[in-house]
Amino acid sequence: MLQNAFQPAMLPSEVAFVEVLRKKKKRRRGNKADEEYFEEMLRHDLKAGKKSQDDKYDLPHRGSYSFSDGKCLNKQDNSSRNDSSGIDSNGESSGTGTSNMGGTGYGFERILKGKDGMEFISDVRCCLILGLIVVAATLTIGVYAISFNGQEDKFFREFEMTSNQVYESANRKILEVFEELERISSITASFAEQEKQRYDRLQEQRPPEGFVTIPDVESILGSARESMKADFVAYLPSIKSQTQMEYWAKYNKENIGWLVESTEVYDSMATNTRTGNETTVQQDTDTAVHYEIWRYEIYDEKGSSIDYSSSTCPTWSTYKRRPDTYDKGTLQAAEAIEAKRIFSYFPESSPHVGAPLSPIWTSSPPYFQGKPRIINFNAQSDPSFQHVTQAVGVTRKTTFDDVCSPTSPWMDQTTLQADRYAIVITPMFGDVLGVGDTDKTIIGHFMALVPWTVFFSDIIGKGDLPVTVGVKNNCGRSFTMLVQKGKSATFLNHNSDGRSHREEFNDMKLELPLAPFAHPKNNEDFTCSFTVSIYPTETMEEAYMTNLSIIHAMIVLVCFAFTSFAFIAFDCLQQRTQRHLVNTAMRQNLLVSTLFPRKIQNQLLEDMKENEKQKSILRNENKSGTVGVRQFLERENQPKNIDEVASCGSFYGKERSSRKKVKPIADLFPETTIMFADIVGFTAWSSEREPSQVFILLESIYREFDRIAKKKRVFKVEVVGDCYVAVCGLPDPRKKHAVVMAKFAADCIAAMSLTVKKLEKELGPDTSDLKLRVGLHSGPVVAGVLRGDKSRFQLFGDTMNTASRMESTCLPNHIQISQDTADILIAFGKEEWFVPREDKVEAKGKGALSTYFLKLEGSSEGGNDASSVGASSSANSSLIGSQHSRKPVGASVGSEERRNSSIDWTVDVLANALKAIVARRNARGLKPSSEKMLVQLEQASIAHDGTKIVIDEVSSYVALPGFDDADFGVDVSHVVMSDGVVEELKDYVQSVAELYNSNNPFHNFDHANHVVLSVNKLLSRIKSPDFEGGEEELFNHTFGIATAPLTWFAVVLSALIHDVDHSGVSNVQLLKEKSPLSFLYQNKSVAEQNSFDIGWDLLMEDTYRNLRRTIYTTTGEFKRFRQLMVNSVLATDIFDKDLNRNRQERWDKAFHNTVDPEMMDEFDKEKCINLKASIVIEHLLQASDVSHTMQHWHIYRKWNERLYMEMYKAYHEGRMEKDPTEFWYKGEIRFFDDYVIPLAKKLHVCGIFGVSSAEYQNYAEHNRSEWEKRGDRIVAELAKKANAKFNHSQFHNKRRSVKPS
């Protein structure tokens, strides 16, 4: 790469020198192109300063070259060569001669110097690449290590911070529980002391110490319970003798009133309604409370009572409690064996007397698990409570333990699995005035049941990553929780110490004593001290120990790999570029010397030398800093044809204004034939189609023309609209330019005919009616590149004007040639290819011209040089002209073929809508209704019992499907319609076509297809609107029509059947004739209702069952489908006053409503959208029914004439009172003013048809203006045609024979 960086562009003399020596070396080595060998030999020769005798050469000049014995020869003699080249006869440089192309050694020394270090540079390159690999590997490993260690440090710091926060929070919350429990103990002790003094003042017998009932139990204990987040708080007096136990039975019965009061307070403060025993508590406390001290009894699976004394949590499948059942509030001893009346048989000397009993007394909540029977339960029967009270008796302080006993009344089989409790107990001392707790008597205990999760929940601090917390005590109990800041802790395991963590986390374990203040060091034998072990979780590890380190390492690796690859690729590319530098420069310079005169060559070289002085400017455009001939030829705004480069005297496109004026690139071509080809009827045809269909037609036709032009070497000049311009005879001259162009024109007409016939199914009816007319003229033309923002190759001159005139005056499907073109054809013996035109053509500035028509018989794409255009003999050739009867190429298809094409196109439109229906139905996941229900609806819809007619079903709006995300992005390409459905659809359309009255000039199947064409065009604007917004905004913008394929299908089908069985007269005439249909349909919209019933009844036949099940599968779809068709078909009756008035009212309500949509509820919004959609659909059908008035003037004239003829026919048959000629001119103007133009404006107001609405309105106003100017004359022509068609004598006889009914 380095040795090639400094090489400049080579001068032409250097290129020639290299080429000569290359050819010589190749011949010496047996034509083996060994570049290294050649360069080595060349270097050796230059260093030696001599050349062999055979190395004589000459610089290239304009002309032809040949190589012989190593010499480059041209048309000049050797002496002139040597003189001009500066080389003597012996091959040595004379030193005095000067070359016109410059010195010979300008660039070669640099090339050879760069070659000297080739091997060394190759070794350096390899070492550099190897070094890059080593550096990349080292940096990758280093980045990975640094990133990994950083992640690990963050992980450790986060775990340490979280662990400390969890530990400190747990200790703080335990301490808060202790303090709160000691607070209420102090309050109760003070109240007991006051009660003792009160009894002493009254000199009454006072109860034993500890027998106390504080006032407002729920207020005091409830607030404490909520503060501690405990589930249960209770006071338990200490009973130490039989006498106290007997007194207790009396005391708790007399003071049980606190239970009712607390229950009322608790229930009033509760946020949820409780059911159960609270009513029993309030109504009859005596029957709800057991006044004797009792305990639970546990049993095994066999029902045998067992003694439980284990210090570990039991297996609940082994230990169970007796059922906790009541019968009308009374404990039944027979049913609940676990309830023992203890002390009733304990004597004074019983060992139980020494151990105090602790019945549950005042508590919050007042009942536990919905029942108050927890009162008087002996908590000393529970091992957990007994163990803690013993510890409290020794330490005289608040302490806690884990509750894990099946004998506990607050524990059951489900509770333990869901949570786990800590029991916190604080003593209440008797002598409050005594000194020191050690001297005081414990007269009771306060107990709180606090879920363990409370201590480890709602931790405040940064971060939210969870940790695993294992808790165990020295009494053999343990459990594990998952703790996360700001959230509630959850249990992972009830009988393990941190077994829910990975073993890899053991080294990170943080183990500390839990609540050390609750377990004095000197009393470890009496208390169960707890230890907490905290471990990180996998979630925390994943949050910090991510793949980021690998990603960082890979980024470094990819960067180095990309850099290395770019370096190697650039080096290889540079070497490849330099290897081809000599050959490229040689080809370019030899090309210039061959194509341009010496003057132009010198000018090019001068420009290149000047460019060397302006490298700083040039580098902005050419990175190499050099310019060759190729760069010059490819400059912006330069001609693409190399023959025209001579006309360009400037190199810099952007600096032209600062230099001398550039000579234009242009030339005169004396012998050419130009073709103009125009599509007849294209403008009118395109007014009926959407833009995409117009471009499909043009692209298909011009693609065929281009293919033929490439094959016949005809130059395509340009395309302007539907006019195709081509020329033969430039830029390469051709003697038979007229012959080639005649064949090309004939092939274009044949290709045009085949193309439009193929496209009719896709682009709709009348596509095959499009014809091509072609004009040819031969003569000189000026051609060149017209510079500017978009440089183009253009033709100018009178030949162009005449060729254009040949085309514009030509007949459809004909090729008109001028006299000059005919003369050229005659010169080449092709006089049988054409015939003279009978009339002459007027050309501007030339007067009347004699022209000719080419004979056509098929296509001549085969390229044979036959004696006639497309025919092998003149005898078989047919003539194109009005005087010939034989059908020419591209003639109109027959009526039957036209109808079949129209049917195929209509079937294709409806089939596409069916595919969209199926795709949307699948996207929404609609479930079909039962077949029975659908059949019932179908049968009911064709039951014409006379009670209800079609017009009665007209609704103010149709409920379309609401917004659904599934409707957007639905792919219909994967939907495959079954052959049976498609065949039924085609058969149905064919049947509808047969039901139309073909004798009607206007209301026939052709007009129905014209209406379908317009409906499809307008619907395409709705389905693909020019709208930028979200999906829901698009839904609202199109009123839901854009996402409702069933609506599309119904509207298109309505357009197809809306005039079925039309009689050719108006509804007013049917009423005058008292037609049976008028009685059937109650003199309202007779023709429209009849068309609907015929089309609908046909669809309901058994033949089309599969088609119907594709259109709708639910009752809702059926009803919507029928309602859409009813409204759409009846909308085409524009003369019914009631329908028009109702339609106008709905239009005003939909589009002139002053209510703000933001103020509507969802129902009103949906109703408003459906109203707009329904009224828009009806106006769409109305506009399509008269769409010919809003299309091109020729389309309007065509259908206007047909309607006139139909009405004149009715008048001729006596079915119309007035001759339409009498009112036709003014009637059309009124029709435009009162109906068509207002209707076009409504299409624009609704805002969903895009530019089509403006297009329709513009055409309507234009047609109205044209009719106003030319209508009188047109009506006269129509009357003349009608009179010629309908014989006057027959007319008068017919009129006299017809009498009013």
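Worth saying up front: this structure is predicted, and the values here are computed from it rather than measured.
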Using 0.5 Å steps for rounding, measure from the [atom1] atom of [X] to the [atom2] atom of [Y].
{"X": "His1003", "Y": "Glu1206", "atom1": "NE2", "atom2": "CD", "value": "5.5 Å"}
{"X": "Glu1088", "Y": "Ile1134", "atom1": "CD", "atom2": "CD1", "value": "9.5 Å"}
{"X": "Leu759", "Y": "Ile701", "atom1": "CG", "atom2": "CD1", "value": "7.0 Å"}
{"X": "Asn1140", "Y": "Glu1145", "atom1": "CG", "atom2": "CD", "value": "11.0 Å"}
{"X": "Ser941", "Y": "Trp1096", "atom1": "OG", "atom2": "CH2", "value": "5.5 Å"}
{"X": "Asn1127", "Y": "Tyr957", "atom1": "CG", "atom2": "OH", "value": "12.0 Å"}

Once salt bridge (charged side-chain N to carboxylate O under 4.0 Å, His left out) is applied, what residue pairs with a partner in residues 1170-1179 remain, sequence neighbours excluded?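 Checked against salt bridge (charged side-chain N to carboxylate O under 4.0 Å, His left out) - neighbours excluded - the pairs reaching residues 1170-1179 are Arg1143-Glu1178, Arg1146-Glu1178.
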Using 4.0 Å as the upper bound for N to carboxylate O, is an ion pair formed by [Y] and [X]?
{"X": "Arg1230", "Y": "Asp1233", "value": "no"}
{"X": "Arg899", "Y": "Asp1006", "value": "no"}
{"X": "Lys1017", "Y": "Glu1255", "value": "yes"}

Report yes if the side chains of [X] and [Y] come closer than 4.5 Å at any heavy-atom pair, otherwise no.
{"X": "Gln1191", "Y": "Tyr1256", "value": "yes"}
{"X": "Trp685", "Y": "Leu763", "value": "yes"}
{"X": "Leu1099", "Y": "Leu1107", "value": "yes"}
{"X": "Val907", "Y": "Gln990", "value": "no"}
{"X": "Ile1041", "Y": "Trp1048", "value": "yes"}
{"X": "Arg1105", "Y": "Glu931", "value": "yes"}

Donor-acceptor pair, [X] side chain versus [Y] backbone, under 3.5 Å?
{"X": "Asn1016", "Y": "Val1012", "answer": "no"}
{"X": "Ser1265", "Y": "Glu1261", "answer": "no"}
{"X": "Gln1257", "Y": "Lys1242", "answer": "no"}
{"X": "Ser1054", "Y": "Val1129", "answer": "no"}
{"X": "Asn1004", "Y": "Pro1001", "answer": "yes"}
{"X": "Asn1258", "Y": "Ala1254", "answer": "yes"}
{"X": "Asn1000", "Y": "Phe1002", "answer": "no"}
{"X": "Arg921", "Y": "Thr1110", "answer": "yes"}
{"X": "Asp952", "Y": "Ile949", "answer": "yes"}
{"X": "Ser1187", "Y": "Ser1184", "answer": "yes"}

Should the pair [X] and [Y] be assigned to parallel (<30°), tilted (30 to 60°) or perpendicular (>60°) ring geometry?
{"X": "Tyr1112", "Y": "Phe1121", "value": "tilted"}
{"X": "Tyr702", "Y": "Phe705", "value": "tilted"}
{"X": "Trp1147", "Y": "Phe1151", "value": "tilted"}

Where do [X] and [Y] come nearest, in terms of heavy atoms and distance?
{"X": "Ser1085", "Y": "Leu1139", "answer": "OG-CD1, 3.5 Å"}
{"X": "Asp987", "Y": "Tyr1104", "answer": "OD2-OH, 2.7 Å"}
{"X": "Glu762", "Y": "Trp905", "answer": "O-NE1, 3.6 Å"}

State which residue, out of Leu995, Val992, Ile1094, fulfils the side chain to side chain contact (heavy atoms under 4.5 Å, CB included) condition with Asp1061.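 Of the listed residues Leu995, Val992, Ile1094, the side chain to side chain contact (heavy atoms under 4.5 Å, CB included) partner of Asp1061 is Ile1094.
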Counting only heavy atoms not in [X], do more than 12 fall under 6.0 Å of its [atom1]?
{"X": "Asp1234", "atom1": "CG", "value": "yes"}
{"X": "Lys986", "atom1": "NZ", "value": "no"}
{"X": "Lys1119", "atom1": "NZ", "value": "no"}

Over-ring placement of Arg1202 relative to Trp1199, 6.0 Å and 45° cut-offs: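 Because its charged atom sits under 6.0 Å from the ring centre and within 45° of the axis, Arg1202 does stack over Trp1199.
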Could you go through Gln1123 and Ser955, starting from their C-alpha distance and side-chain angles, then the distance that decides it, and tell me whether this counts as side-chain hydrogen bond (donor to acceptor under 3.5 Å, both in side chains)? CA-CA 7 Å; Gln1123 191 64 64; Ser955 174; 4.6 Å; no
Phe1039 vs Leu960, side chain to side chain contact (heavy atoms under 4.5 Å, CB included): CA-CA, chis, key distance, verdict: CA-CA 9 Å; Phe1039 315 134; Leu960 299 182; over 6 Å; no
Please list all pairs meeting ring-ring contact (aromatic ring centres under 6.0 Å, His included) that have one or both residues in residues 1227-1246, counting only residues at least two apart or in different chains.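 Output for this query lists Tyr1196-Phe1232, Phe1231-Tyr1235.
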Applying side-chain hydrogen bond (donor to acceptor under 3.5 Å, both in side chains) to Asp1133 and Gln1089, what does each step give before you reach the verdict? CA-CA 10 Å; Asp1133 184 3; Gln1089 293 191 75; over 6 Å; no
Salt bridge (Lys or Arg N to Asp or Glu O under 4.0 Å) partner of Arg1109, the single match among Glu984, Glu1117, Glu938: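 So the option named by the test is Glu938.
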